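Nothing here was measured: the structure is a model prediction, and the numbers come from that model. Chain naming here is simple, since letters A, B, ... match the order of the sequence lines and numbering starts at 1 in each.
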Amino acid sequence: MKIEVELAKLVAQAINNLFNYPIEEGLVTFQKTRLEFEGDTTLVVFPFTKVSKKSPEETAKEIGEFLLKNSTSVQKYNVVKGFLNLMYTDAVWIDFFISHYNHHQFGINSIPTGKTIMLEYSSPNTNKPLHLGHIRNNLLGVSVSRLLEANGHKVVKANLINDRGIHICKSMLAWQQWGNGETPELSGMKGDKLVGKYYVEFDKKYKTEVTELMAKGLTKEEAEKKSLLMQQAQEMLRKWEVGDKEVRKTWEMMNEWVYQGFNVTYNLLGVSFDKIYYESNTYLLGKEVVEYGLQKGVLFKKEDGSVWCDLTADGLDQKLLLRSDGTSVYMTQDLGTAIKRFEEYPLLNQLIYTVGNEQDYHFRVLFLILQKLGYQWAKECYHLSYGMVELPEGKMKSREGTVVDADDLIQEMIETARQTSEELGKLDECTEEEKNKLYYTIGLGALKYFILKVDPKKKMLFNPKESIDFNGNTGPFIQYTYARICSILRRAGEPAYNHLLLNIANFTTEEKDLIKCLSLFPEVVKKAAEEYNPGEVANYIYDLAKTYNHFYQTVPILRESDEMLKSIRVEISRFTASVIKNGMYLLGIEVPERM
RNA sequence: GGUCCCGUAGCUCAGCUGGAUAGAGCAACUGCCUUCUAAGCAGUAGGUCACAAGUUCGAAUCUUGUCGGGAUCACCA
């Protein structure tokens with residue numbers, strides 16, 4: 001809150017006056033007061049004892065006295081060892097509450113910064129269905145984009161679909177050979193699943209072929225080279241690159257199946273984009289850049305014609321940018337697309353890539369090369385690197401079938417929500433349609449919260465056997481708290497007695513704790529965006545929900561006979577609901593009015 | 001082997017720009033529904049913050065080393 005800024009100024013003044021030592025107010029920081037002590041904020045005075053030349057207790061006491069005299073916000077203080085605990089006057093909380101309680105966008109929607117940020121996320125391959133790892137990526141993308149918007153930035157949500165390459169040819173080939181004309185319509189299989197099936201099919205047949213060849217005495221490498229299937233796939237890729245009509249037709253058809261499948265999953269997850277890039281359109285980009293880099297002397301050519309960037313001076317290796325046959329590699333494309341994006345969006349201030357931490361090295365190299373090429377905006381490129389989602393057995397591997405399918409998991413969550421709701425049996429008044437919507441809201445709330453509450457940088461573990469909880473620090477817990485408040489508000493009716501609020505004399509500790517918690521929301525939104533960490537918001541809302549539930553269980557709200565107290569508590573509840581809703585929105589989680 | 005990341009309660013995670021007796025949830029155990037939704041609340045138990053040195057008034061947090069786990073370093077994408 002603003003009040004701490006003022007207090008910091010006063011503390012600096014106090015140190016100047018009392019100990020005759022000038023100090024930057026920015027160096028004065030407050031920390032949370034521990035629960036077991038009385039106070040609203042705490043100043044650690046150890047750092048000032050050098051200047052005061054007095055004991056920590058004495059120093060704290062003198063500063064405390066100074067603040068008491070010179071600040072209208074400080075009601076009293078206490079000193080424990082070197083800790084100065086300050087307690088605000090009720091007026092501080094009353095002012096805060098009155099000026100914000102009916103502000104529906106509290107914490108969100110600050111003044112536009114004028115900054116435009118492109119956030120890339122999702123970026124799937126079209127040869128396999130989405131799994132839990134992609135879910136984390138997509139949820140992070142949605143949440144971070146909302147966090148950035150909530151801080152006043154303009155966000156362009158971008159998806160770069162890897163729709164070409166040898167892997168897609170494998171699916172196509174398998175489908176041609178063994179598919180018997182199967183289509184999503186004919187078999188009723190989701191398009192991405194169908195294409196994924198043939199990708200696996202190829203891999204299986206290919207492995208058999210290699211094994212057979214090896215049985216005839218070939219080494220593994222020889223067998224892989226000799227494999228008829230692989231040769232056919234490569235031939236198909238070659239045809240694709242020269243624009244062979246038949247191949248392109250099949251390719252377009254199968255990709256279309258995949259997109260339809262992806263869209264179903266995206267819709268379930270609530271994921272959307274402003275701009276979709278296809279690698280088939282961008283994979284040739286970057287070659288001119290290589291030419292430019294050679295001229296500039298940033299890149300060099302080896303005898304065989306391949307082009308490299310020497311990064312050994314930066315502690316990295318040499319990086320290939322063009323093969324000896326003149327074809328480009330992934331890095332070349334990424335250089336090209338980055339440049340293209342800044343050309344397309346001249347006002348772009350930042351480019352963020354949401355990509356797993358297995359590609360940390362790739363992005364270090366990418367940004368470094370861009371910098372060497374002289375692009376000023378290179379320093380505005382950021383790799384939002386997130387940890388892998390692991391299973392108890394370790395990393396998920398599509399080839400080995402140890403993946404948690406996105407659609408399956410979503411359906412499971414919805415089903416669990418249905419079962420739990422039916423067991424509790426509180427939804428008798430709802431129509432079937434409302435119930436189904438609710439199961440979806442709760443199921444996805446559980447899934448999204450489970451994933452977003454952990455720090456993106458860290459790897460996380462998902463145990464399919466234990467699945468995802470609905471009690472405790474979970475999405476449904478927070479949704480439940482919200483629904484509970486809604487119930488109260490429904491009964492309370494219109495807030496016709498708002499004028500009464502102006503007469504608030506003081507708050508009970510429960511009320512004060514809740515208001516204190518509410519006041520933190522804007523800072524949380526700011527910090528979460530700065531750190532690209534939705535987990536900050538998740539942890540905060542959990543804390544808020546917990547604080548509210550305590551309040552709810554401890555003090556009477558509608559049962560309160562004093563009309564003024566009642567209206568205050570109703571309005572505090574309304575305010576809490578609003579912050580929960582806004583916070584959950586930042587996580588991409590919906591919130592139900594009853595459950 | 002080089003580079004980078006990670007080791008906090010039985011399990012999953014907070015806390016990490018150094019600050020008080022390291023916090024939650026799950027699982028276990030106790031209480032609380034005739035009163036605003038018990039997907040809740042209150043409580044008990046559970047820790048050598050991997051280990052060892054160092055920096056200092058103070059270290060889970062910073063430095064170094066050791067051990068353990070992971071990622072990455074392709075004319076793959």
Taking 4.0 angstrom as the limit, do A:Arg594 and A:Glu429 come out as a salt bridge? yes
Counting only side-chain N and O atoms of A:Arg569, is one of them less than 4.0 Å from OP1 or OP2 of B:C36? no
Say you pick atom P in B:G1 and the same atom in B:G65; how far apart are they, in whole Å? 15 Å
With rounding to the closest Å, how many angstrom separate the P atoms on B:A42 and B:G25? 9 Å
Determine the interatomic distance between P on B:C4 and the same-named atom on B:U66; round to the nearest Å. 14 Å
Rounded to the nearest Å, what distance is computed from the OH atom of residue A:Tyr552 to the C1' atom of nucleotide B:C36? 5 Å
Hey, does the side chain of A:Ser487 come within less than 4.0 Å of B:C36's phosphate (OP1/OP2), counting only N and O? no
Under 3.5 Å, is there a donor-acceptor pair between the side chain of A:Arg238 and the main chain of A:Ala233? no
Sugar-phosphate only, base, or nothing, as touched by A:Asn463 at under 4.0 Å among non-hydrogen atoms: nothing
Thinking salt bridges, do A:Asp562 and A:Lys566 make one under a 4.0 Å N-O criterion? no
Classify the side-chain pair A:Asn85/A:Arg34 by whether it contains a donor and acceptor separated by less than 3.5 Å. no
Rounded to whole Å, please give me the gap between CG in A:Asp360 and C1' in B:U72. 8 Å
Atom CG of A:Leu514 and atom P of B:C41 are separated, to the nearest Å, by 13 Å
5' priority, RNA chain B, between A:Lys302 and A:Gly315 [closest heavy atom]: A:Gly315
What is the separation between atom NE2 on A:His362 and atom P on B:A74, rounded to the nearest whole Å? 13 Å
Can you give each donor-acceptor pair under 3.5 Å made by side-chain atoms of residues 470-477 of chain A, sequence neighbours left out, with the distance rounded to 0.1 Å?
unit_1	atom_1	unit_2	atom_2	d
A:Asn473	OD1	A:Tyr449	OH	2.6
A:Thr474	OG1	A:Phe470	O	3.4
A:Thr474	OG1	A:Phe477	N	3.2

Using the P atom on both, measure B:G70 against B:G31 and round to a whole Å. 45 Å
Please check if any side-chain donor atom of A:Glu224 sits under 3.5 Å from a side-chain acceptor atom of A:Ser227, or the reverse. no
Just N and O in the side chain of A:Arg323: are any of them under 4.0 Å from OP1 or OP2 of B:C76? yes
Counting just side-chain N and O atoms, does A:Arg491 come under 4.0 Å of either OP1 or OP2 of B:U37? yes
When the nearest nucleotide of RNA chain B is assigned to A:Gln318 and to A:Glu279 on a heavy-atom basis, which residue is associated with the more 5' position? A:Gln318
Give the B/S/- string for nucleotides 15-25 of chain B, one per nucleotide from 5' to 3', where a protein heavy atom under 4.0 Å of the base yields B, of only the sugar-phosphate yields S, and otherwise -. -B--BBS-SSS
Ring of A:Tyr283, cation from A:Arg164 - is the NZ or CZ under 6.0 Å from the centre and inside 45° of the axis? yes
In residues 382-390 of chain A, which residues come under 4.0 Å of RNA chain B by heavy atom? none
If you measure from the C1' atom in B:A50 to the same atom in B:G69, how many Å do you get, rounded? 11 Å
Which part of the nucleic acid does A:Leu322 contact within heavy-atom distance under 4.0 Å: base, sugar-phosphate only, or nothing? nothing
A:Leu368 atom CG is separated from B:U72 atom P, nearest whole Å, by 20 Å
Which is true for A:Leu461 with a 4.0 Å heavy-atom rule: it touches a base, it touches only sugar-phosphate, or it touches nothing? sugar-phosphate
Going by the glycosidic torsion and a 90 degree boundary from 0, is the base of B:C67 oriented syn or anti? anti
Side-chain donor-acceptor contact under 3.5 Å, A:Asn357 with A:Tyr386: no
Taking pairs as Watson-Crick (N1-N3 plus N6-O4 or O6-N4) or G-U wobble (N1-O2 and O6-N3), each distance under 3.5 Å, the stems of three or more consecutive pairs with RNA chain B are B:1-7 with B:67-73, B:10-13 with B:23-26, B:28-32 with B:40-44, B:50-54 with B:62-66
Is there a donor in the side chain of A:Ser280 and an acceptor in the side chain of A:Asp163, or the other way round, less than 3.5 Å apart? yes
Within the 3.5 Å criterion, strictly below it, is a donor on A:Thr126 or A:Asn255 matched to an acceptor on the partner's side chain? yes
Using a cut-off of 4.0 Å on non-hydrogen atoms, how would the nucleic acid contact of A:Arg594 be classed: base, sugar-phosphate, or nothing? base
Roughly how many Å apart are B:U63 and B:A24, using the P atom of each and rounding to a whole number? 29 Å
Taking only the P atom of each, what is the distance from B:A28 to B:U35 in whole angstrom? 27 Å
Regarding A:Glu523 and A:Lys526, does a basic nitrogen lie under 4.0 Å from an acidic carboxylate oxygen? no
Nearest-neighbour nucleotide for the A:Arg490 side chain, B:U37, B:A77, B:C41 considered: B:U37
Distance alone, cut at 3.5 Å: any donor-acceptor contact between the side chains of A:Glu423 and A:Gln419? no
Under 4.0 Å, heavy atoms only, any strand: does A:Phe477 hit a base, just the sugar-phosphate, or nothing? sugar-phosphate
If the P atom of B:C16 is compared with that of B:U61, how far apart are they to the nearest Å? 13 Å
Whole angstrom is fine here: how far is it from CD in A:Gln333 over to P in B:C76? 13 Å
What's the CG-C1' distance between A:Asp317 and B:C73, to the nearest Å? 5 Å
Indicate, with a heavy-atom threshold strictly under 4.0 Å, whether A:Val45 touches base, sugar-phosphate, or nothing. nothing
Please list all pairs meeting side chain to side chain donor-acceptor pair (under 3.5 Å) that have one or both residues in residues 529-540 of chain A, counting only residues at least two apart or in different chains. A:Gln350-A:Tyr532, A:Lys527-A:Glu536
Enumerate donor-acceptor pairs with a distance under 3.5 Å from any side-chain N or O in residues 359-368 of chain A to protein atoms, sequence neighbours excluded.
unit_1	atom_1	unit_2	atom_2	d
A:Asp360	OD1	A:Ser385	OG	2.8
A:Tyr361	OH	A:Asp317	N	3.4
A:His362	NE2	A:Asp334	OD2	2.7

For the side chain of A:Arg559, counting heavy atoms from C-beta on, which of B:U3, B:C41, B:U35 is nearest? B:U35
Just how far, in rounded Å, is P of B:A74 from CE of A:Met331? 11 Å
